[in-house]
Structure formats: structure tokens, C-alpha cells
2 protein chains.
Amino acid sequence: MTDPDSPAPRSVGARRGRPPSNALSRERILDAALTLLEREGPEALTLRRLGADLGSNHTAVLRYFSGKDDILLGLAERLIAEAVDGFEPGPTWRATLTELARRVRRACQAHPALAVLVASRVSRRDAEFRGADLVIGALLEAGFGARESARYYRALVDVTLAMSSFEAASAVLDGPEREGDRMAWQREYLMASPQRFPQLASVAAHLAEADEDDQFEFVMGLLLDAVEARSGRPA
Amino acid sequence: MTDPDSPAPRSVGARRGRPPSNALSRERILDAALTLLEREGPEALTLRRLGADLGSNHTAVLRYFSGKDDILLGLAERLIAEAVDGFEPGPTWRATLTELARRVRRACQAHPALAVLVASRVSRRDAEFRGADLVIGALLEAGFGARESARYYRALVDVTLAMSSFEAASAVLDGPEREGDRMAWQREYLMASPQRFPQLASVAAHLAEADEDDQFEFVMGLLLDAVEARSGRPA
DNA sequence: ACCTGAACACCGTTCAAGT
DNA sequence: ACCTGAACACCGTTCAAGT
């Protein structure tokens with residue numbers, strides 16, 4: 001809950017001078033970046049757009065962040081914090097793991113453009129450590145040893161982040177690209193040659209049935225079934 | 001094995017005129033794009049660089065592809081073809097699924113810059129259908145019905161592609177970003193406060209043990225264990 | 001038929017100059 | 001102390017003009 005970003009100035013109740021819109025800070029810059037990403041997608045996050053939205057010259061932002069990558073790392077921490085903040089372990093270790101995975105995915109769904117840009121980056125900050133502590137606690141509770149818990153932790157985190165950002169990448173496509181990719185499951189897979197692809201043809205009608213929510217739950221269910229089967233203590 | 005790209009000109013044995021380096025074609029353009037990506041990473045693929053490498057004006061490429069995205073879709077088909085070409089089903093349905101997943105991952109490892117750019121796109125072309133046919137064949141063989149096979153197919157493909165491109169995203173980071181992210185597992189996780197993150201601290205020493213190959217095998221093993229447990233017919 | 005070159009509307013980053 | 005403005009070396013795409 002403590003906040004790693006803040007050289008923030010002390011210009012509090014100053015009524016005169018420029019409008020408050022020009023008082024830059026790391027927080028205000030990250031807020032603006034997030035708004036921009038949500039409204040216009042990952043390629044809209046440029047220093048020049050950011051400067052315009054903040055009412056400043058585009059280079060002013062570089063007084064607060066060392067470059068665009070530094071802004072992304074700040075946003076990455078926000079994303080993971082959104083998933084982890086306020087979370088309490090559930091009644092069983094499995095419920096804890098399931099709910100944390102869902103929260104990570106939900107945060108990525110809420111900010112797909114951000115997820116695409118940062119999901120594979122390690123932020124190495126507070127929220128990430130809190131999440132790791134919770135997951136590993138659940139795995140130790142399940143009866144795994146230290147080495148095994150570390151292994152399962154990385155497997156679960158990798159799959160959750162990988163699938164969430166993979167999904168975000170589709171969510172963020174726009175225009176014809178998106179339409180083309182989305183319809184493929186319903187049209188082109190159905191039309192694939194039954195002579196050349198007989199197995200595919202025999203199940204093609206079902207390919208578009210499950211939505212993305214189902215898919216994610218299904219995969220996590222499979223994974224946690226296997227984890228549970230290998231653990232000493234069923235949840 | 002048939003090739004969807006080719007308006008190719010018939011300028012075969014013409015000895016005079018410009019050097020052959022100026023004879024553009026979809027194939028030559030894709031070759032050059034792949035070389036560029038492999039040598040210099042995803043952000044190096046620009047029409048201008050491509051034009052320079054091909055010895056042409058950068059806009060000449062637009063006579064063969066409708067835009068940069070069209071080039072990416074052409075490359076996506078090549079990536080999946082590299083994974084699927086020459087593959088034969090294994091002795092058991094599980095061996096078939098494991099080996100196909102490994103091949104997809106290996107192709108993404110061989111071309112990480114390409115994997116980052118296209119893994120979440122659906123190419124809807126020949127190689128993709130061949131891969132789908134093989135996976136679904138294995139699942140039907142495992143005893144699943146049409147609806148279930150479709151569901152498991154999407155789960156397995158999503159996890160394989162998501163993890164492969166997730167991994168590729170790290171492989172492709174360069175300079176300080178990469179060093180920072182890689183060392184995090186060994187340094188910063190080890191140094192995380194044992195008071196605030198006791199569970200994490202108790203296993204931190206093991207977090208850097210497994211390499212990416214182990215991680216992938218481990219996840220696929222978990223997933224296929226669960227698939228096998230739910231199937232009527234063990235492999 | 002195929003390619004070029006100029007133009008347009010953009011990028012991130014650096015750095016001297018202003019206030 | 002903080003921000004601006006010009007400059008630099010880039011982008012993708014369009015389109016009239018060349019050969």
C-alpha cells in the first residue's frame with residue numbers, strides 16, 4: 001500500500017499561477033498514461049500524446065521518468081497492485097490460487113493495452129512480492145516442499161500472466177485485424193476442407209462454443225487438478 | 001506444402017538489366033523480413049529497413065503486401081509451418097501432443113522477434129489447419145467426444161502459444177531491460193524482506209533453479225496429466 | 001509493369017535556452 | 001527548479017511522376 005513513486009512538489013493550495021493542469025508529478029503522468037492506453041490502445045502511448053494530454057511540452061515528462069520504458073515499469077506495478085490489493089487468502093489453498101489467478105486476469109482484461117505492453121516484464125516491486133508471498137504460502141499449505149513450491153509458483157504465475165496477456169493482445173486489435181481474427185473460429189475453421197482435415201472438420205462446429213472466460217477457467221481447472229493430484233493434501 | 005504466396009514474375013534467365021537483387025517477390029520480401037527480425041529484433045522490422053536490405057525503395061514493398069500487417073500475417077504462416085512441417089503423430093496420443101507443443105515452442109525460440117509480433121494472431125492458413133487436425137486427432141484418440149476435443153484443443157493451443165510468446169518476449173528484450181529482468185529472480189527476490197514476505201523468503205533460494213526449458217516441460221506435464229486423468233484412455 | 005521520390009503526419013531522445 | 005523549442009534521426013502510407 002505504500003507508494004514507490006513520488007518526488008511530488010509541495011505546491012498545495014496555490015490559487016494563482018498556471019492552472020493546476022501544469023503541475024506534473026509521477027502520479028499524474030501515470031494516471032494520464034493509463035487513461036490514454038484505455039481510450040486509444042497501446043500504440044497511442046507516446047510521449048508527445050502524453051505531453052499534450054497533460055498540457056505540457058512532451059519532453060517535460062522526461063524530468064520524472066528516465067524514458068518511455070521507465071513509465072511502462074511504473075504502469076506494470078500499478079497493474080499487479082490492482083490484482084493483489086485487498087486480497088485475502090480463501091478457505092482452501094486451491095481457492096486462494098484460483099482467486100488470485102482470476103484477479104490477475106481481471107486486471108489484464110480491465111487494462112488490455114497495458115497488459116500487452118508490460119505483462120512479460122518483471123516489475124520487482126512491492127505488489128509483485130505480495131502476490132508471490134500469497135501464492136507460495138498456498139503451495140506450502142498444500143504440502144509441497146520449498147523446492148517444489150518454487151517450481152509450482154513459477155508454473156502458475158507464468159501460465160496466468162501468459163494467458164492473460166495473450167488474451168489482451170486479441171482484445172487490443174482493432175478494425176479489420178480484429179474482425180478477421182475473431183471470425184476465423186466461426187467461419188474459416190468451419191470451412192476447412194473435410195478431405196484434408198477430417199479430424200478438424202468433425203469437431204469444427206464446437207470450436208467457437210467456449211468464450212474466453214470459460215477457456216481461462218478450464219485451463220486453470222486442469223492445472224490445479226494436476227497440482228492437487230500431486231500434492232499430499234487435497235484442498 | 002503448397003505455397004499461398006506468389007504472383008512471382010517470370011524474369012528467369014535474364015542476364016542483363018539490373019542485378020537480380022532488385023527482383024522483388026513476396027518470398028524474397030518475407031525472407032528479408034525474417035533475416036532482419038532475427039538479427040536485430042522486432043522493432044527493426046520497418047518498411048524502410050526492409051527496402052534498404054532489399055536494395056529497393058521502401059515503398060516498393062507495398063506492391064506485394066498491402067501494408068506492414070500483411071507482411072506479419074505472411075510471417076505468421078511461416079512460423080507455424082516451421083513447427084508443423086514434417087511432423088508425424090507419435091506412438092501415443094500423449095506423445096503426439098507433447099511433441100507438437102515442443103515444436104511450436106522451438107519455432108518460437110528460433111524466431112523470438114517474430115513470435116512476439118505474431119503469436120497471438122490467427123493465420124487461418126494451411127499449416128494452422130494441419131496442426132489443428134493433428135491435435136484434435138490425438139484428443140479423439142484419447143477418447144474425448146467432439147465437444148470436449150474442441151475444448152481441450154483450444155486449451156492446449158492457447159497455453160502453448162501463450163507461453164511460447166511470453167518466453168519470446170523476454171528473449172527479445174535487450175540491454176539493461178533484459179539484465180534487470182533476468183537478474184531479478186536471483187537477486188531481488190532473494191533480498192525481499194523476510195519480515196514482510198516470509199513465505200516467499202523461505203523458498204526464494206529455489207526460484208532461479210529451473211530454466212525455461214524445465215518450466216515449459218513442467219507446465220505441459222501438469223496439463224497433460226490432467227487431460228489424461230479426465231480421458232477414458234490413458235496413453 | 002514496376003519502381004522512385006517527395007510529401008505528410010507522425011515517433012523518442014538530447015540539449016541549449018528561457019523563465 | 002522546472003519547462004520549452006529546436007534539432008536529430010527515425011516511422012508507415014499515399015500518390016504523382018518516372019522509366
Side-chain angles (χ1 to χ4, degrees), chain A residues 6-12 14 16-29 32-33 36-37 40-75 113 117-118 173-177, chain B residues 5-12 14 16-29 32-33 36-37 40-75 113 117 173-177:
Chain A
S6 300
R10 69 278 80 105
S11 59
V12 191
R16 56 156 177 219
R18 301 300 211 79
S21 54
N22 272 14
L24 289 186
S25 69
R26 285 178 68 95
E27 285 311 311
R28 268 199 70 229
I29 291 167
L36 194 47
L37 283 173
E40 307 189 36
E43 72 292 332
L45 181 58
T46 72
L47 296 186
R48 290 168 134 97
R49 282 294 321 266
L50 204 45
D53 289 5
L54 287 162
S56 306
N57 183 280
H58 68 280
T59 63
V61 168
L62 297 176
R63 312 233 132 230
Y64 296 86
F65 293 92
S66 70
K68 197 177 173 181
D69 193 67
D70 196 23
I71 299 176
L72 290 178
L73 285 180
L75 292 171
L117 293 176
V118 304
L173 290 176
D174 46 17
E177 293 144 28
Chain B
D5 327 297
S6 305
R10 69 279 79 109
S11 58
V12 191
R16 61 171 169 204
R18 301 300 209 80
S21 54
N22 273 14
L24 289 185
S25 70
R26 285 177 67 96
E27 286 309 312
R28 267 198 72 228
I29 291 168
L36 194 48
L37 283 172
E40 307 190 34
E43 72 292 331
L45 181 58
T46 69
L47 296 187
R48 291 168 133 98
R49 282 293 320 266
L50 204 45
D53 289 5
L54 287 162
S56 306
N57 183 279
H58 69 278
T59 64
V61 168
L62 298 175
R63 311 232 133 231
Y64 296 85
F65 294 92
S66 70
K68 197 176 173 182
D69 193 66
D70 197 23
I71 299 177
L72 290 179
L73 284 180
L75 292 172
L117 292 175
L173 290 176
D174 48 16
E177 293 143 28

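Quick caveat: nothing in here was measured; it's all calculated off a predicted structure. Here is how names work: the chains are called A, B, and so on, in the same order as the sequence lines, proteins then strands, and each is numbered from 1. Every heavy atom of this structure was used, including side-chain atoms; hydrogens, water molecules and symmetry mates were not.
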Between Thr46(B) and dC11(D), does any side-chain N or O lie under 4.0 Å from OP1 or OP2? yes

At less than 4.0 Å, is any side-chain N or O atom of Tyr64(A) found next to OP1 or OP2 of dA1(D)? Yes or no. no

Is a side-chain donor or acceptor of Arg26(A) paired with a backbone partner of Tyr64(A) at a separation under 3.5 angstrom? yes

Can you measure Leu47(A) atom CG to dC11(D) atom P for me and round it to whole angstrom units? 17 Å

Can you tell me how far C1' of dG12(C) sits from CG of Asn57(A), to the nearest Å? 13 Å

By nearest nucleotide on DNA chain C, pick out whichever of Arg63(B) and Arg48(A) is the more 5' one. Arg63(B)

pair Leu54(A)-Val61(A): side-chain heavy atoms closer than 4.5 Å: yes

Is the shortest heavy-atom distance from the side chain of Arg49(B) to the side chain of Leu36(B) under 4.5 Å? yes

What nucleotide, of dT4(C), dT4(D), dT14(D), holds the atom closest to the side chain of Ser56(A)? dT4(D)

So what does Leu50(B) touch, heavy atoms closer than 4.0 Å: a base, only the sugar-phosphate, or nothing? nothing

base_contact_polar (dT13(C) base, His58(A) side chain, donor-acceptor, <3.5 Å): yes

Answer yes or no: side-chain N or O of Thr59(A) and base N or O of dG5(D) forming a donor-acceptor pair under 3.5 Å. yes

Nucleotide paired to dA9(C) in any strand shown, Watson-Crick or G-U, under 3.5 Å: none

Could you tell me how far dC15(C) sits from dC3(D) if I compare only their C1' atoms? Round to whole Å. 13 Å

Using atom C1' in both nucleotides, what's the gap between dC2(D) and dA17(C) to the nearest angstrom? 13 Å

